[in-house]
Amino acid sequence: LDPRAMERLDTFVEEVDHRKPDCILQLGDFNYATPESQECMDLWRQYEGARYHVLGNHDMDFTTKEESVAFWSMPAPYYSFDQGGSHFVVLDRNNLKTPDGYVPYARANFYVESQMRAHADPEQLEWLRDDLRTTRLPTVVFVHQGLGMHNEPYPTGDARAAIEGILNQVNREVGRPRVVACFCGHHHIDRYNLKNNIHYVWINSASYYWVGDEYGRMAPYRDALFTFITFRDGVIEIEGRTTEWESPTPHERGYPRADELNTYISDRKLRFDA
């Protein structure tokens, strides 16, 4: 959607070439599995190290989940991997919960009642529990749709409760935090919460905040936002990055929630029991 998307991705890839991290990962709403996105994929693949993807809901606006997984060369919609002494889990919340079962997102079928959206299917939840019980490494979860920002009890059947319940259950079984952090995208805002000894971080959008049709649809950032994260010695270091709004800003547009928005990724040091 962002007309400057390739420019922003190029800025990121140039910085990656300079920094040479162990791996790169995008948190969803990256591109469509169509020929028009091949330029984007070619640029992403210029990085010769390990590359990981998280499925976002809008990645399936025009295609199926299977097509996105194949286009990005993902091992599966959800998976895990070890890197640098940590265990990483990628989840997929892109399923509808219907009276007839769970339906994968495909061709924008997710514009339905909110309680039906953003579910992890039962097979995935069972896989998650088994995966977390198997590893002995400190574990970080990546998922597109947000988790962990609500401290009050969730409503019955809430999609977030099912996932967070497993993370908390495994940590209780181990007797110390095995799952130490969870990173999310989706909301285009910088937020943080420590909940049940798990650091929940929402990473801001690379490009813009969506203010809706009434206020001009997209409120773009001047510069690309991204971060480099270091995991070592019981500390997760998130490098901050700041930009500004392009004009007209959400305030100038009269967007009623403008004060809640931000144009940065916060610099953070998150400690955990290593």
Side-chain angles (χ1 to χ4, degrees), residues 23 25-28 52 54 56 78 80-93 118-120 124-125 128-129 131-133 135-156 158-206 209 225-242 257 259-274:
C23 63
L25 179 144
Q26 60 86 10
L27 277 169
Y52 299 102
V54 180
Y78 54 90
S80 63
F81 61 96
D82 294 342
Q83 184 88 44
S86 296
H87 185 65
F88 298 97
V89 174
V90 171
L91 295 180
D92 167 30
R93 290 185 59 188
H119 285 267
Q124 180 179 178
L125 294 175
L128 173 62
R129 185 180 288 106
D131 183 86
L132 296 178
R133 285 171 172 168
T135 185
R136 294 182 177 274
L137 298 174
T139 298
V140 175
V141 174
F142 295 105
V143 60
H144 181 66
Q145 294 91 338
L147 297 172
M149 292 299 158
H150 296 272
N151 294 321
E152 66 275 7
Y154 291 122
T156 301
D158 189 281
R160 296 164 294 182
I163 298 172
E164 290 183 30
I166 292 174
L167 308 186
N168 297 334
Q169 175 191 1
V170 172
N171 280 356
R172 288 194 302 268
E173 292 174 355
V174 175
R176 58 188 287 184
R178 174 160 294 166
V179 180
V180 299
C182 176
F183 290 87
C184 309
H186 187 62
H187 299 276
H188 295 220
I189 197 167
D190 179 277
R191 290 188 69 186
Y192 166 80
N193 190 33
L194 178 63
K195 182 178 181 182
N196 295 320
N197 293 315
I198 299 174
H199 298 285
Y200 288 92
V201 185
W202 289 4
I203 300 295
N204 210 333
S205 166
Y209 188 87
L225 288 180
F226 50 84
T227 184
F228 290 89
I229 304 175
T230 304
F231 304 86
R232 61 186 172 203
D233 301 326
V235 178
I236 301 173
E237 297 184 23
I238 305 171
E239 294 188 19
R241 191 175 181 90
T242 301
R257 294 176 46 224
D259 287 340
E260 302 174 26
L261 310 182
N262 41 55
T263 58
Y264 53 79
I265 295 173
S266 294
D267 192 272
R268 305 184 191 274
K269 286 189 177 181
L270 311 177
R271 302 186 183 277
F272 62 92
D273 183 358

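Just the heavy atoms: all of them, side chains too, but no hydrogens, waters or symmetry mates, feed the values below.
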Looking only at non-hydrogen atoms, find the nearest pair between [X] and [Y] and report the distance.
X: Ala118; Y: Ala159; answer: O-CB, 3.2 Å
X: Tyr154; Y: Gly148; answer: OH-N, 3.9 Å
X: Ile238; Y: Ser266; answer: CG2-O, 3.8 Å
X: Asp131; Y: Ser80; answer: OD1-OG, 2.8 Å
X: Asn197; Y: Pro177; answer: CB-CG, 4.0 Å
X: Leu147; Y: Cys182; answer: CD1-SG, 3.9 Å

Under a 4.5 Å cut-off applied to non-hydrogen side-chain atoms, are [X] and [Y] in contact?
X: Ile203; Y: Val201; value: yes
X: Ile189; Y: Trp202; value: yes
X: Gln124; Y: Leu91; value: yes
X: Ile229; Y: Ile236; value: yes
X: Val235; Y: Phe272; value: no
X: Val143; Y: Val89; value: no

Could you check whether [Y] and [X], counting side-chain N and O atoms only, form a donor-acceptor pair closer than 3.5 Å?
X: Asn196; Y: Asn171; result: no
X: Asn193; Y: Asn151; result: yes
X: Gln26; Y: Tyr52; result: no
X: Arg93; Y: His144; result: no

With a 4.0 Å cut-off, would you call Arg268 and Glu237 a salt bridge?
->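 Salt bridge flag = no for Glu237 with Arg268.
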Decide, yes or no, whether a salt bridge links Arg178 with Asp273 under the criterion of side-chain N to carboxylate O below 4.0 Å.
->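 No, Arg178 and Asp273 are not salt-bridged.
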Interatomic distance, [X] atom [atom1] to [Y] atom [atom2] [nearest 0.5 angstrom]:
X: Glu239; Y: Phe228; atom1: CD; atom2: CZ; answer: 7.0 Å
X: His87; Y: Thr135; atom1: NE2; atom2: OG1; answer: 4.5 Å
X: Asn204; Y: Ile265; atom1: CG; atom2: CD1; answer: 6.0 Å
X: His150; Y: Asp158; atom1: NE2; atom2: CG; answer: 8.5 Å
X: Leu225; Y: Thr242; atom1: CG; atom2: OG1; answer: 7.5 Å
X: Asp82; Y: Arg136; atom1: CG; atom2: CZ; answer: 13.0 Å

Partner of Tyr200 under side chain to side chain contact (heavy atoms under 4.5 Å, CB included), chosen from Leu167, Leu194, Val141 =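 Considering Leu167, Leu194, Val141, a side chain to side chain contact (heavy atoms under 4.5 Å, CB included) with Tyr200 is found only for Leu167.
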Using the side chain to side chain contact (heavy atoms under 4.5 Å, CB included) rule, pick out the option among His187, Arg160, Arg191, Lys195 that qualifies with Met149.
->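 Of the listed options, the one satisfying the test is Arg191.
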Do the side chain of Asp92 and the main chain of Tyr78 share a donor and acceptor less than 3.5 angstrom apart?
->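 Flag not set: sc Asp92 to bb Tyr78 has no pair under 3.5 Å.
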Check: Glu164 main-chain N/O paired with Asn168 side-chain donor or acceptor under 3.5 Å |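 Side chain of Asn168 to backbone of Glu164, a donor-acceptor pair under 3.5 Å: yes, one is there.
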Please determine if Arg241 forms a cation-pi arrangement with Tyr264, meaning its NZ or CZ atom is less than 6.0 Å from the six-membered ring centre and no more than 45° off the ring axis.
->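 No - Arg241 does not lie over the ring of Tyr264 by the 6.0 Å and 45° rule.
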Do Phe183 and Phe88 have their ring centres less than 6.0 Å from each other?
->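 Judged by ring-centre distance (under 6.0 Å), Phe183 and Phe88 do not meet the cut-off.
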Atom CZ of Arg232: over 12 foreign heavy atoms under 6.0 Å =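 Open.
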